[in-house]
Student: 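Below you will find the structure I want to go over with you.
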Amino acid sequence: MTGRLVVVSNRVPSDGPPSGGLVVALHDCLTEEGGTWYGTSGRIAPTAQDEFTDVAGDGYDMRTFDLTQAEHDGYYLGYANSVLWPLCHRRADLMALNSGDYDTYLGVNRRLARMMARDLKPDDQVWIHDYHFLPLAACLRAEGVTATLGYFHHIPFPAVHDLLALPEHELFPHWIASFDLVGLQTQRDVAAALEMYRSLAGAEQLRDGSLHYDNRTFEVRSFPIGIDAKSFAQAAAQRDGRDLLNLGAKERLVIGVDRLDYSKGLDNRLRAFGAYLEAREDNDPRASLLQIAPPTREEVAAYQNIRNETERISGQVNGLHSDLDWTPIRYIHRAIPRETIAPLYRAADVGLVTPFCDGMNLVAKEYVAAQDPDDPGVLILSQFAGAVEQMPSAVIVNPYDIGEMAQALRTVLAMPLAERRARHDDLLAGVLRDDVGHWTRTYLDTMSRLAAKRLADKGD
Ligand code: GDG
């Protein structure tokens, strides 16, 4: 790589060893390449300071900044998670448009751009992550930064029609065009981005596929994110998940693992499991659902509603179907350690992944990686998870169709070993091949190619 690698993400793992797939992947490539990682510290400061705090990383530097309480509320909880998140997840109806939040969001991006501009050099390659920083490239350009700026959008690209609900919708194409490389999860997302530019006067697609808008030329491409599949498979085989759950020899297990977010389809999933139990015949196997749903963004009102709904439906289903010696739904509203989650996936006959809308969904890939290849479980996957483009051998369902999901559970729980193996072999090959290392390599190689081209063009 010519020039330094610079990474920007909302949180920097400055308070301990990195954990979680994405953070570990970014840590690994910074350790290999060297460079700097920018982001918030997770601390709240009484006043906004235009200074970074330096933290030593493993072969790289971390530069963190604190948010004030008002910034945390307006930038993070407000505009990022109560406006952009619902907008990108086809829930414009849940957007909380509070006046002032956009200004705070833009203010944080401007402050970060101002501070970063002092450090950046023209041959740096900057990889910015996620919707917290949509205007960051535009802000950096306004500070005179000419470095190569890449962006990866982890969540779905908004539909053109939904975008109109964003008061700042006219700025959105300008924010995107200020990057040099825009990475999206799926082909579907790339199609949505192209549709947005097609609807704009003055935007054009060039012969080499790149886009031109606002006097800038940039590329929009899909880079489907993966997981560290090998280490996940190893972790899954360390313990017996059935023992952890005290499962009876004949009892079958269905698993769901999701942050408790309205985009994940938990309500309809629980309804479908209830419908499956309703239609179950006496000689059908007894199956229980383990739903792990750790809390997330609890200060945002829409998250309170999905929690109430999840608890109401699981209480209702358990009330109807529990027996003296059996409770069909085990619902855990708490984070479970990663080394425990992997064997639980392996113990489950079915992985139930049914979001209404999801950028990728790593749980689908983790479930596949964790299976015993000789006796694998089956993945039921929503047609609205980005993962569906790479995982056609899953049993694909419509998360709005409760009857179809209940029927899919019946089919999968009775699926013969040969079919389970054939589906799993196919899915596992993809999960191992397109792992998280492949994702970082392809993104960074593409950004390096663009950086070299930009430097050569400038030299002409
Ligand atoms: C965003 C996009 C995109 C969950 N509960 C526990 C736990 N988890 C872990 C899972 C998985 C991760 O959290 C969730 O990843 P997802 O991809 O499913 O979803 P988001 O958090 O919404 O992530 C998504 C992703 O970014 C990456 O680009 O795929 O579409 O929305 O790894 O295992 N981990 C532990 N305990 C839990 O209780 N340890």
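One-based numbering, in listed order, for ligands and for the atoms of each.
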Student: Is the closest heavy atom of W439 to ligand 1 under 4.0 Å?
Tutor: no
Student: Could you grab the distance from atom CZ of F232 to atom CD1 of I227, nearest 0.5 Å is fine?
Tutor: 6.0 Å
Student: Kindly write out the residues that satisfy side-chain hydrogen bond (donor to acceptor under 3.5 Å, both in side chains) with E419, not counting sequence neighbours, or none if the list is empty.
Tutor: R423
Student: For the residue pair E366 / Y345, report whether a side-chain donor-acceptor contact shorter than 3.5 Å exists.
Tutor: yes
Student: Is there at least one pair of N or O atoms, one from H89 and one from ligand 1, spaced under 3.5 Å apart?
Tutor: no
Student: One residue to check: V257. Relative to ligand 1, which of side chain, backbone, both or neither has a non-hydrogen atom less than 4.0 Å away?
Tutor: side chain
Student: Go through the side-chain N and O atoms of D66 and S41 and say whether any donor and acceptor fall under 3.5 Å apart.
Tutor: yes
Student: Give yes if a backbone or side-chain nitrogen or oxygen of I336 is under 3.5 Å from a nitrogen or oxygen of ligand 1, and no if not.
Tutor: yes
Student: Hey, is ligand 1 close enough to E366 that some N/O pair sits below 3.5 Å?
Tutor: yes
Student: Which ligand 1 atoms does Y345 reach within 4.0 Å, using its non-hydrogen atoms?
Tutor: 33 (O)
Student: Applying side chain to side chain contact (heavy atoms under 4.5 Å, CB included) between F356 and each of Y262, F384, Y400, report the one that passes.
Tutor: Y400
Student: With nothing but distance in play, are any N or O atoms of A335 less than 3.5 Å from an N or O of ligand 1?
Tutor: no
Student: Side-chain polar contacts of residues 385-392 - donor-acceptor pairs under 3.5 angstrom, sequence neighbours left out - could you list them?
Tutor:
from : atom 1 : to   : atom 2 : distance (Å)
E389 : OE1    : Q187 : N      : 2.9
E389 : OE2    : Q187 : N      : 3.4
E389 : OE2    : R188 : N      : 3.0
Q390 : OE1    : K365 : NZ     : 2.6

Student: Using the salt bridge (charged side-chain N to carboxylate O under 4.0 Å, His left out) rule, pick out the option among R420, R252, R286 that qualifies with D349.
Tutor: R252
Student: May I ask you to identify, for I292, whether its side chain, its backbone, both or neither come under 4.0 Å of ligand 1 on a heavy-atom basis?
Tutor: side chain
Student: I'd like to check which ligand 1 atoms, numbered from 1 as shown, lie under 4.0 Å from a non-hydrogen atom of I341.
Tutor: 6 (C), 35 (C), 36 (N), 37 (C), 38 (O)
Student: Side chain or backbone, does F152 bring an N or O within less than 3.5 Å of an N or O on ligand 1?
Tutor: no
Student: Using a 4.0 Å cutoff against the non-hydrogen atoms of R338, which atoms of ligand 1 qualify?
Tutor: 39 (N)
Student: Between P337 and ligand 1, is there a nitrogen or oxygen pair with a distance under 3.5 Å?
Tutor: no
Student: For the residue pair Y79 / E168, report whether a side-chain donor-acceptor contact shorter than 3.5 Å exists.
Tutor: yes
Student: W85 versus ligand 1: do any nitrogen or oxygen atoms come within less than 3.5 Å of each other?
Tutor: no
